Amino acid sequence: MSGPLRSGPSSWRRAASVVLAAGWGRPDPAAPSLPAAGFRLLLLQRSQRQGFLPDAHVFPGGVLDAADSSADWQRLFAPHLGPPRFGLSSALPSRAAFPVLPGDRPDAADSDPAALLDDVALRICAIREAFEEAGVLLLRARGAQPHSGPAPEPGCALAPPPDLEAWRARVRSDPRHFLHLCAHLDCTPDIWALHDWSAWLTPFTRPGGRRFDTAFFLCCLRKPPTACPDMAEMVGYQWLSPSEATESFLSKEIWLAPPQFYEIRRLANFASLSDLHKFCLDHALEGRERWLPITLLTADGALQLLPGDELYLEDSDYLENSLSTEKKIEEIMKEGKKFHRVVMHDRHLYSIHVTVPTKHKHVYPKTYVVAKSRV
Ligand SMILES: CC(C)(COP(=O)(O)O)[C@@H](O)C(=O)NCCC(=O)NCCSC(=O)CCC(=O)O
Ligand SMILES: Nc1ncnc2c1ncn2[C@@H]1O[C@H](COP(=O)(O)O)[C@@H](OP(=O)(O)O)[C@H]1O
Ligand SMILES: [Mg+2]
C-alpha cells in the first residue's frame, strides 16, 4: 500500500445539513390519531451546473454564513430563551483529537462574546439552507410554550408564506434576510427540533478539491412539508425511505456521495419515525465525532476507510492524501476483520462493512452487501 506525497493545505468551509425524516404511510387504523408508522427522507437533487457534487442527491445544507451567528438573533429568541444555549440541552463533550484542521478555531462565541455559539449558529444555518433550497420552514412560533431541551414530539414545518419566492430570493441574495423573515412571521428557527447526528469532512480526492466540514442534524417531522426546490442550486427532490433511496441509487435513478449513502443505511436501522425520534431523545449523543474518510484506491475501485477500521490511519498526512494499492477489493477484504468502511465498486455500487462497536451511544449501519448478480 502506498502512502502520502505532500500537497498544500486545503481551505475548509464550515457547513451544516439537516436530514429531514417525515412520517409516511397510512396511520394505524387502531390508533388513527397517531402519526404514520414509516418515514421518508428529503433528498434534493443538485443542479448539473454545481461545481461540487453536480447532480447528486443530498440533504438540504450549505455553508455557514456570518449572519447565522449574528448577535441580532438574541432579540428574536427573547424573552423566553436566552444565550448562550437558548434552551438547547447541554453541549456535547468536545470531539476526539483527530483530525485537527488548519482552520480550526475556538467557538465563534469565544472570540466574539456577542456571537452565537456554534451549536446554535450551525442549526440556524441548516434551517436557513432548508428554506433556501427546498422552501421548507423549520420555524417555531415565538408565542409557543417554551420547552427546555429537545422537542418532545416530532413537529410540523410552518406553511410557506404566500410571498415565498420573494422572501427566498432575498435570503439567497443576503442570508441576513432570514432573520427578517423570521421576525416578519413572528417565529424563531426551530433549533430544538434539530438533533446532533454526525459530522463529515470531505475526503481528499485531488489537490485543490473543495473541502467541507459539515455538521449533520436530524429532524423528525410528523408529516412531509411541501417541498419546492429553488430550481437553481436544486432542480428536484424526492421523499424516499432508506430502502427506496438505496434501491434508487443501485438502479442509477439517483447518485449519492458516500456520506449520504452511509447515513441512509444508518437510518435503515429504524423501523418507524417514533423509534427514530425516541432514539434521538433517549440516546442524546455522548460525544461529538467528526469523521475524515480516508480514500484507499484499489486496482478495481476504491474504499473509504472510517475511524476504527483496521486500515484507518490517524495521521494528519491523510488530510491531503489518499492511500493506494495494486490489490483488488476482494483481496483487501479477505485480509481483514475489523471493518468500518464504504466499498465503492463503481459509481453506483457501494457496500458498507461494519464490524466495529459503535461509539458515543450512536448507531452504525449494518453491513450492507449487494447481491453478487448486481456486482
Ligand atoms: C453538499 C454539502 C457539502 C454542501 O455543499 P453546498 O454546495 O451546498 O455548499 C454538504 O451538505 C455535504 O453533503 N457535506 C458532507 C460532506 C461531504 O463533503 N460530502 C461529499 C463527499 S465527496 C466524496 O466522498 C467523494 C466521492 C466521489 O466523488 O466519488
Ligand atoms: N443557479 C445555480 N446553478 C448552479 N449552482 C448554483 C446556482 N445558484 C447557486 N448555486 C451554487 O450553490 C452553491 C451554494 O450552496 P450553499 O448556499 O448551499 O452553500 C454555490 O456554489 P459555490 O460554493 O460553488 O459558489 C452557488 O454558486
Ligand atoms: Mg447547498
Side-chain angles (χ1 to χ4, degrees), residues 17-45 57-61 123-124 126-145 147 149-165 167-168 181-182 185-195 197 216-230 234 236-248 254 260 263-264 266-282:
S17 271
V18 55
V19 180
L20 281 180
W24 201 282
R26 237 167 276 170
D28 180 351
S33 60
L34 293 177
F39 64 90
R40 286 187 177 177
L41 308 169
L42 180 61
L43 287 163
L44 302 177
Q45 183 182 9
H57 276 70
V58 295
F59 307 115
R123 281 175 168 79
I124 295 177
I127 294 171
R128 174 181 55 73
E129 290 286 349
F131 172 66
E132 287 186 32
E133 296 179 352
V136 171
L137 279 168
L138 301 171
L139 304 187
R140 190 161 192 273
R142 288 179 72 217
Q145 191 66 23
H147 50 71
E153 296 291 339
C156 287
L158 203 80
D163 43 359
L164 172 92
E165 281 316 323
W167 273 108
R168 180 147 65 173
L181 169 63
C182 293
L185 297 171
D186 201 23
C187 287
T188 61
D190 194 354
I191 55 174
W192 312 276
L194 268 61
H195 305 279
W197 191 251
F216 279 62
F217 298 100
L218 190 115
C219 175
C220 293
L221 296 173
R222 290 169 68 85
K223 55 180 190 184
T226 306
C228 178
D230 58 27
M234 300 297 174
Y237 74 96
Q238 296 200 46
W239 286 99
L240 296 172
S241 68
S243 57
E244 288 167 339
T246 308
E247 197 40 51
S248 291
I254 66 173
Q260 279 77 11
E263 291 300 354
I264 285 167
R266 188 191 325 241
L267 288 158
N269 280 300
F270 299 92
S272 69
L273 185 73
S274 59
D275 282 359
L276 176 58
H277 191 247
K278 199 166 165 345
F279 176 87
C280 292
L281 295 183
D282 296 350

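Numbers for residues simply follow the sequence, beginning at 1. Predicted model only: the values in this text are computed from it and were never measured.
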Under the side chain to side chain contact (heavy atoms under 4.5 Å, CB included) criterion, do Met234 and Glu132 qualify, and how do the steps go?
CA-CA 10 Å; Met234 300 297 174; Glu132 287 186 32; over 6 Å; no
Verify side chain to side chain contact (heavy atoms under 4.5 Å, CB included) between Val58 and Ser17, making sure each step is shown before the conclusion.
CA-CA 9 Å; Val58 295; Ser17 271; over 6 Å; no
One pair to check against side chain to side chain contact (heavy atoms under 4.5 Å, CB included): Phe59 and Leu218. What are the steps and the verdict?
CA-CA 10 Å; Phe59 307 115; Leu218 190 115; over 6 Å; no
Show, in sequence, the C-alpha distance, side-chain angles and deciding distance for Arg40 and Ser241, and conclude whether the side chain to side chain contact (heavy atoms under 4.5 Å, CB included) test is met.
CA-CA 4 Å; Arg40 286 187 177 177; Ser241 68; 4.3 Å; yes
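With rounding to the nearest 0.5 angstrom, the CZ atom of Arg140 is 12.0 Å from the CG atom of Leu158. For the atom pair CH2 (Trp167) and SG (Cys182), the distance works out to 9.0 Å, reported to the nearest 0.5 Å. To the nearest 0.5 Å, atom CD1 of residue Ile191 and atom CG of residue Leu138 are 12.5 Å apart. For the atom pair CG of Leu281 and CD of Glu153, the computed distance is 8.5 Å after rounding to the nearest 0.5 Å. For the atom pair CD (Glu129) and CG (Asp230), the distance works out to 9.5 Å, reported to the nearest 0.5 Å. In this structure, Cys228 SG and Leu164 CG are separated by 5.5 Å, a value rounded to the nearest 0.5 Å.
Here the closest heavy-atom approach between residue Pro242 and residue Leu41 is recorded as CG-CD1, 4.2 Å. The two residues Ala134 and Leu42 have their closest heavy-atom pair at CB-CD2, 4.1 Å. Listed here is the closest heavy atom pair of Leu139 and Pro189: CD2-CA, 3.8 Å. Taking all atoms of both residues into account, the shortest heavy-atom contact from Gly61 to Glu133 is O-OE2, 2.7 Å. Summarising the geometry of Gln260 relative to His57, their closest heavy-atom pair is CG-O, 4.1 Å, with the distance given to 0.1 Å. Phe39 and Leu267 make their closest contact through CZ-O, 3.6 Å (heavy atoms, listed as atom of the first residue, atom of the second, distance).
Residues Trp24 and Pro224 have side chains in contact (heavy-atom distance under 4.5 Å, counting atoms from C-beta outward). With a 4.5 Å cut-off on side-chain heavy atoms, Phe131 and Leu181 count as touching. Pro60 is not listed as a side-chain neighbour of Val136, based on a closest heavy-atom distance of 4.5 Å or more. The shortest distance between side-chain heavy atoms of Pro225 and Trp239 falls below 4.5 Å.
Between Trp197 and Phe270, the angle of the ring planes lies from 30° to 60°, which puts this pair in the tilted group.
Tested against Ile127, the residues Leu194, Thr188, Leu137 include a single side-chain contact (heavy atoms from CB on, under 4.5 Å) partner, Leu194.
Annotation: salt bridge (charged side-chain N to carboxylate O under 4.0 Å, His left out) contacts of Asp186 (sequence neighbours excluded): Arg142.
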